[in-house]
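A single structure is presented below for examination.
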Amino acid sequence: MRLLHFSDLHLDTPFTWADASLARARRRALRTTLRRICDLAQDEAVDALLCAGDLYEQDRFTPDTASFLRDTFARLHPIPVFLAPGNHDWYGEQSLYRQVDWSPNVHIFTAAELQPVELVDGATLWGAAHRAPANTDGFFDGGFRVDRGGVNLALFHGSERADIRWQEDGKAPHAPFRTEQLPAAGVDHAFCGHFHTPKDARWHTYPGNPDPLTFGEGGDRGAVLADVAGDGSVTRTRHRVAVSEVHDMLVDLTGVTHSGEVRERVAAELKGLSGGVVRVTLTGEVEPEVDVRLSDLNSGWDFLEGVVVRRGDFTVAHDLALLRLERSVRGQFVRLVEGDPQIDDDKRRRVLTTGLRALAGRTDDLEVL
Amino acid sequence: MYIKKVTASAFGPLVDQTLELAPGMTVIAGDNEAAKSTWHAAIYAGLCGRRRGRGAAKSEDREFAAAWRPWHRDEWKVRCEVVLDDNRTVTLQHDLDGKVDCRATDERGLDLSGEIMHDGAPDGSVWLGLNRRTFAATACVNQAEMLRVLEAADALQTDIQRAAATAGKDQTAASALDALSKYSAEHVGMDRSNSTKPLRRAAVRRKVAEEAQLQARAAHADYLKLIGELQHVEAAAKRASDQRRQCQESFAAAERLRRAMKQRAVTEERAAVARAMADDRRQRAEILAAESARAHELAASLPADEPATPGATGEVPSQAIERLHEHYVKALAVAEANKARAVEPPREDDATLEAVLQADPAVVQGIANRLETPSVEPDPELVTDIRAAAADQQAASEAVAVADSDESAAYADVRAGHVAVAQVAVAGPSRSRLWLVAGVVLGVLGLALALTGHPWAAALVAGAGVTAASIGWLTFGGEPRARVRETAGDAAADARLDAVRERARAARSRLGETERVLVDAQTRLEVATSNSQLAATRRQAAEQEARALGLPPDAVTVHRLIEQARRIGTKRAAAHQWRVEDAAAQRQLEECRDRLADALGVSSDAKSDVQAAYSAYERDCQSRSDQARKARELQLEFQTIADGRSLDEMSAAAEAARQTAEEATAHLSTADAELAANSREVTHAAAMAGIRMPVDETTVEGFVAASLAQLEAAQTLESGSEREAANRQGQVAERKRCLPDVAEAEEAVDQAQRELVRLRSLDEVLDSTVGYLKQARDETYNDLAPVLNEALERWLPTITNGRYQRARVDPRSLAVKIEVPSGELRSAETLSIGTAEQVYLLLRIALTQHLARTSAVSPLLLDDVTVQADPTRTAAILRMCKTLADEGRQIVLFAQEPSVASWAEQHLDGSRDKLIRLTVPAAA
């Protein structure tokens with residue numbers, strides 16, 4: 001039996017790190033990714049397509065998304081599609097899941113407890129839904145145990161407790177479970193969602209969000225093609241299905257002498273890329289005289305979907321050790337700023353640079369990164 | 001520290017040249033092009049070196065290189081030997097181009113570069129607490145700076161402030177603060193309602209974005225709510241639809257039950273009919289089978305041939321004999337009847353009668369009739385009437401005459417005097433009487449003619465008489481009237497006249513009447529006379545014809561003869577008829593007898609006794625008749641049964657009837673099965689409808705009506721629910737069209753928030769920067785002002801030869817004020833230029849000393865600072881420099897004026913001071 005598993009697509013999610021047009025493009029990319037997942041399901045002739053929640057975001061979904069989902073899954077017919085709502089696409093009265101006149105091949109798990117569906121003869125898929133955006137108890141906490149033989153698989157949106165530590169910050173432990181609960185409940189394998197970082201564990205699989213939602217997402221994210229053997233063992237193959245990629249670039253500006261050279265450094269790093277979104281993090285130390293402005297670097301990269309520039313550990317190379325010895329106003333300024341325990345380092349850095357630029361006569365560029 | 005020696009290995013035009021400086025004051029004099037500025041730069045470069053930091057060279061570095069790179073050598077090197085305050089002699093070697101071979105070593109060769117590294121290269125000014133930038137800004141004073149201070153108002157203060165701010169030539173603290181304020185105002189602004197600056201705009205944008213986000217979320221929540229409501233409404237509509245469907249199904253079940261029951265009733269009737277038909281067909285088949293069997297039996301028992309008729313020829317059928325016998329009997333009866341009524345013709349001997357018999361009866365009858373024409377004589381009463389009428393007419397005529405006379409008399413009385421009138425009256429009546437008399441005469445004559453048998457002449461005469469009488473009458477009456485009308489008299493006469501005239505008119509009327517009666521009577525008399533004559537004529541003609549026929553001219557006789565002749569004729573005809581008929585009867589009798597005899601086969605001689613033969617024949621026939629009757633009965637039975645059919649046809653009919661019976665039986669079975677099926681359908685339909693069996697039609701009809709009512713109610717509910725659902729669907733569709741994108745709204749808020757945070761952070765940074773900068777300025781000024789003040793007060797009396805004793809440096813602005821002899825404090829810039837120059841140099845020296853982080857005394861490099869000064873000012877500057885040098889400070893003064901060189905020759909003793917004369921190199 002061959003299954004295709006994905007989760008955490010987060011259709012209609014906001015991309016606050018992007019400007020309006022790029023954000024819209026990212027949301028379109030999410031839809032294209034789902035199309036790719038469905039194409040992959042057809043190409044691989046899977047027995048079922050599984051989605052382990054957070055397919056869309058209840059608080060933000062558009063009516064168009066409802067139509068899109070219906071049409072997309074209908075095109076898969078007769079391949080079954082099993083949807084287990086998560087904490088973002090929780091199943092309720094106003095849920096998108098209830099608005100759509102789904103094609104016959106779509107099955108939505110709507111109960112808060114694991115419910116069985118026969119995948120093929122001798123194989124059962126247990127699925128459950130989040131019925132609220134939060135406070136969903138673990139599906140295995142109530143002593144759940146499968147009541148039938150054959151291969152028993154599970155599909156749900158939940159947090160493996162051991163993974164919480166290394167998963168993304170801010171991930172609330174929705175529907176938590178422990179790995180050992182799975183075999184104890186008679187589940188041969190669980191196809192999960194919620195954690196965006198992919199993980200192929202002995203008893204469960206997190207496919208990760210298939211299309212980038214933000215920067216810094218590592219790992220082999222995408223859709224997981226799972227071949228389930230008769231003994232319940234699972235052989236997994238990961239497929240990248242993202243439309244575009246998100247790159248994180250560090251650009252060292254050390255030694256640049258003018259703003260044009262700053263852009264040249266960035267261009268050199270971006271060279272070779274085609275498409276995708278790149279986050280450029282500026283690092284290094286530049287001379288105080290060099291005019292480095294983020295606004296100069298955000299645009300003009302037509303070969304990319306978008307570029308987001310941010311300041312990393314980029315600093316201006318003031319000789320503060322020498323300046324602080326000066327008995328001038330500047331020296332006193334440096335000493336005052338450096339000696340003030342009330343301000344944080346970032347502000348201290350910015351105030352120092354701002355003041356020194358002002359004293360140096362760079363009155364047109366007093367905003368410090 | 002002082003600079004002991006500078007060697008320009010390759011520096012501008014200088015190649016491997018060394019300049020040794022005195023620890024005190026060194027005056028380097030030379031004309032233009034004597035390399036004074038080159039050596040000034042070489043001394044600075046030899047002490048401070050060049051920046052060797054990362055990145056490209058700064059503009060000032062590039063300018064320096066452009067000015068002082070060796071003209072003819074690739075390498076650019078300078079070396080400087082300094083003596084530190086601790087008496088160490090350090091050699092600073094700078095590879096100004098490659099920046100590689102840069103180091104500081106002491107006499108022992110110890111590399112001291114690490115002590116004084118600045119911007120990548122050893123910087124000897126670091127030992128002074130300065131660096132190559134601040135050294136240049138403070139310890140190096142050139143002509144241009146001097147000129148700027150002297151020429152511009154507040155330039156001295158600004159220059160001091162600038163130096164105080166950055167120990168260099170950058171911005172003053174005030175200008176930096178001003179720039180920060182301006183930048184803040186332009187790029188941040190205030191967060192006030194009337195502001196149009198970025199911070200306010202960002203705040204407004206965030207507020208707008210937040211409101212849009214709230215609206216988007218509310219719209220989305222509202223949309224979800226609408227969706228939820230729509231789902232409820234659709235669920236209600238679905239329930240209503242289900243209910244309607246259930247009612248429809250219930251109604252359909254009721255209808256089905258009703259149809260089933262009706263169908264069952266129909267089927268029951270059909271089954272009954274089929275059963276009756278099957279019985280009928282079966283009975284018919286049995287009958288036909290029996291008939292067929294009987295027919296076959298009869299057919300088998302019927303004789304093959306008809307029985308022979310005895311006595312017949314064998315060719316004549318018995319019925320023919322019967323008819324022949326009947327004919328014979330009838331003919332015999334006829335013949336006998338004829339004999340019984342035998343008629344004999346009458347015998348007549350009368351010749352006259354015989355003549356009548358021979359003549360044409362019609363002619364005889366006509367003669368007889370004409371002979372009967374009566375002799376019509378005029379009625380005697382007519383004559384009497386005529387006479388009476390004539391008498392009456394005569395009397396009336398007389399009465400008229402009397403009346404006329406009376407009238408004339410009366411008229412004469414009336415018109416006694418009118419003689420003419422009277423004459424006329426007399427003449428008139430005379431003519432009238434003549435006409436009347438003529439008429440009467442003619443009438444009488446006519447009457448006579450009529451009586452004599454001349455009616456036409458009588459009529460003519462009588463007519464003439466009537467005409468004459470009429471004329472007389474008319475003329476007799478008219479004239480008197482005319483006259484009367486013309487007369488007038490007295491009333492009595494008139495009345496009498498009128499009465500007379502009335503009587504006259506009555507008399508004349510009577511006369512007319514009598515005359516008409518007379519004429520009428522005369523006319524009738526004339527007609528009667530004419531008729532009498534005509535009858536006589538006809539009788540006479542008839543008499544002649546009678547005679548011609550030999551008949552008596554007597555009508556009665558003729559009539560009697562005619563009657564007799566008719567009776568005789570009738571008898572004769574009857575006798576003749578009897579004879580004819582008798583002969584015919586005899587012939588008929590004989591013919592019938594012969595035919596009968598022939599039919600009976602009687603021989604000719606025995607024909608007379610044909611009756612006996614026939615009786616024998618009858619007896620024989622009776623015998624055979626019995627047999628034939630029996631055969632006929634059988635035949636009749638057979639024919640009745642067969643009814644014109646053959647045995648095969650009857651067999652076939654019987655077989656067909658049997659098959660029909662079987663088919664009817666099968667049809668009955670089908671009908672029974674159908675009935676059973678319908679009964680089951682009724683049971684099933686009743687079960688579907690939820691009605692317990694048995695059920696009657698009334699119950700079903702009631703159930704159907706109730707189901708229909710429920711269905712209509714359910715349909716009403718369904719249509720209402722569907723309308724509501726459609727309405728909600730419309731609302732949802734409308735909401736869909738204008739539903740804002742929550743994600744975009746959130747992104748907009750995030751963008752606006754980030755911008756606002758950026759601006760607020762910038763604002764905070766700028767504010768903090770301003771605060772720190774102000775604080776640094778104030779503190780620096782507070783520290784610097786006393787130092788400057790002390791330096792001025794120490795040196796000012798000396799260098800101004802006691803003219804100015806005191807000075808005051810404002811700690812808030814570093815403004816320098818000098819107390820003039822009057823005790824007034826004046827701004828240094830308002831003093832004489834020479835004094836200002838001296839004050840400026842003092843302040844630069846003080847600043848240099850203050851900004852230096854160490855106690856080491858910095859050399860002072862003055863480049864052409866006296867070039868714009870007059871001899872007095874030049875002398876004052878030189879004295880001040882000498883004084884400072886005497887205090888232990890190294891002063892290197894470049895000058896081109898001969899007076900300076902002269903002053904140096906006079907005042908520099910050569911121990912700690914030195915005059916170096918530079919010469920313009922010879923042109924290569």
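For the numbers below, each heavy atom of this structure counts, side chains included, while hydrogens, waters and symmetry mates do not. Every chain is numbered from 1 and lettered A, B, ... according to where its sequence line falls, protein lines coming before strand lines.
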Side-chain donor or acceptor of B:Glu747 paired with backbone N/O of A:Pro14 under 3.5 Å: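 No, B:Glu747 side chain to A:Pro14 backbone: no donor-acceptor pair under 3.5 Å.
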Structural part of A:Ile343 lying under 4.5 Å from a heavy atom of chain B: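 Answer is side chain: those atoms of A:Ile343 sit under 4.5 Å from chain B.
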Nearest atoms (heavy-atom pairs only) where B:Thr780 meets A:Ser328: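 Heavy atoms only, the tightest pair is OG1-O, 3.3 Å.
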Side-chain heavy-atom pair B:Gln161, A:Val329 within 4.5 angstrom cut-off: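 No - every pair of side-chain heavy atoms lies 4.5 Å or more apart.
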Side chains of B:Val742 and A:Asp59 in contact at under 4.5 Å (non-hydrogen atoms):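 The answer is no, as the side chains (C-beta and beyond) never meet within the 4.5 Å cut-off.
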Which atoms of A:Ala18 approach chain B - backbone, side chain, both or neither, heavy atom under 4.5 Å: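 Backbone of A:Ala18 only, per the 4.5 Å heavy-atom cut-off to chain B.
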Spatial distance of atom CD (A:Glu367) from atom OH (B:Tyr183) [nearest 0.5 Å]: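 Interatomic distance, A:Glu367 CD to B:Tyr183 OH, rounded to 0.5 Å: 5.0 Å.
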Side chain, backbone, both or neither of B:Leu739 within contact of chain A (heavy atoms, under 4.5 Å):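 Just its side chain gets close to chain A.
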Spacing of A:Phe15 atom CZ and B:Asp750 atom CG [to the nearest 0.5 Å]: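 Atom-to-atom, A:Phe15:CZ and B:Asp750:CG are 13.0 Å apart.
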Donor + acceptor pair across side chains of A:Lys347, B:Ser768 (<3.5 Å):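 Side-chain D/A pair, A:Lys347 to B:Ser768: present.
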Side chain, backbone, both or neither of A:Thr16 within contact of chain B (heavy atoms, under 4.5 Å):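 For A:Thr16, heavy atoms of backbone and side chain both lie under 4.5 Å from chain B.
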Check: B:Asp178 and A:Thr363 side chains under 4.5 Å, non-hydrogen atoms: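 A:Thr363 does not reach B:Asp178 side chain to side chain.
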Exceeds 12 heavy-atom contacts within 6.0 angstrom, atom CD of B:Glu790: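 Open.
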Residue B:Gln753 versus chain A: region with a heavy atom under 4.5 Å: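 It is neither, since no heavy atom gets under 4.5 Å.
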Most chain A-contacting option - heavy-atom pairs closer than 4.5 Å, from B:Gln231, B:Gln751, B:Lys736: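 Of B:Gln231, B:Gln751, B:Lys736, B:Gln231 has the most heavy-atom pairs under 4.5 Å with chain A.
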N/O donor-acceptor pair under 3.5 Å between A:Arg327 side chain and B:His850 backbone: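 A pair under 3.5 Å: yes.
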For the student: nearest non-hydrogen atoms of B:Gln775 and A:Leu336, plus distance: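 Smallest heavy-atom distance, with atoms named: NE2-CD2, 3.3 Å.
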Interatomic distance, A:Gln94 atom CD to B:Glu229 atom CD [nearest 0.5 angstrom]: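 The CD atom of B:Glu229 is 9.0 Å from CD of A:Gln94, to the nearest 0.5 Å.
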Separation of A:Arg350 CZ from B:Thr769 OG1 (nearest 0.5 Å):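 Reported to 0.5 Å precision, the distance equals 9.0 Å.
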Between B:Arg735, B:Glu234, B:Lys225, B:Arg754, the one whose heavy-atom pairs under 4.5 Å with chain A are most numerous: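 The residue among B:Arg735, B:Glu234, B:Lys225, B:Arg754 with the greatest pair count is B:Arg754.
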Interchain contact, A:Asp64 with chain B, by part (heavy-atom threshold 4.5 Å):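 Neither; nothing under 4.5 Å.
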Nearest heavy-atom neighbours spanning A:Phe333 and B:Ala776: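 Closest heavy-atom pair between A:Phe333 and B:Ala776: N-CB, 3.2 Å.
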Segment of A:Arg98 engaging chain B (4.5 angstrom heavy-atom cut-off):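 The answer is both parts of A:Arg98.
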Heavy-atom pair count under 4.5 Å with chain A, highest-scoring of B:His220, B:Lys182, B:Glu746: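 Greatest number of close heavy-atom pairs with chain A: B:His220.
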Closest non-hydrogen atom pair between A:Ala358 and B:Leu180, with its separation: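 That closest heavy-atom pairing would be CB-CG, 3.7 Å.
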Step-by-step side chain to side chain contact (heavy atoms under 4.5 Å, CB included) determination, B:Leu224 to A:Phe61: CA-CA 10 Å; B:Leu224 294 179; A:Phe61 78 83; 3.4 Å; yes
Side chain / backbone / both / neither for A:Glu261 at chain B, heavy atoms under 4.5 Å: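 It is neither, since no heavy atom gets under 4.5 Å.
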CD on A:Gln332 to OH on B:Tyr781, rounded to 0.5 Å: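 Reported value, rounded in 0.5 Å steps: 12.5 Å.
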B:Glu744 versus chain A, the contacting section by heavy-atom distance below 4.5 Å: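 Both parts, backbone and side chain.
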Residue pair B:Leu230 / A:Gln99, side-chain heavy-atom distance below 4.5 Å: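 No, their side chains stay 4.5 Å or more apart.
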Under 4.5 Å from any heavy atom of chain B - which part of A:Arg24: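 Side chain only.
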Side chain / backbone / both / neither for B:Thr172 at chain A, heavy atoms under 4.5 Å: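 The backbone, not the side chain.
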Closest-packed option against chain B by number of heavy-atom pairs under 4.5 Å, given A:Asp340, A:Val368, A:Asp319: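 Highest number of pairs under 4.5 Å: A:Asp340.
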Distance in Å, B:Asp767 CG paired with A:Thr354 OG1, rounded so as to fall on 0.5 Å steps: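 With rounding to 0.5 Å, CG (B:Asp767) is 11.0 Å from OG1 (A:Thr354).
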Pick from A:Pro63, A:Gly92, A:Ala23 with the largest number of heavy-atom pairs that fall under 4.5 Å of chain B: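 Of the candidates given, the most pairs with chain B belong to A:Pro63.
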Best-contacting candidate, B:Glu186, B:Arg217, B:His232, against chain A by heavy atom pairs under 4.5 angstrom: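 Of the options given, most contacts go to B:His232.
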Which portion of B:Leu773 sits near chain A, non-hydrogen atoms under 4.5 angstrom: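 Contact with chain A is through both the backbone and side chain of B:Leu773.
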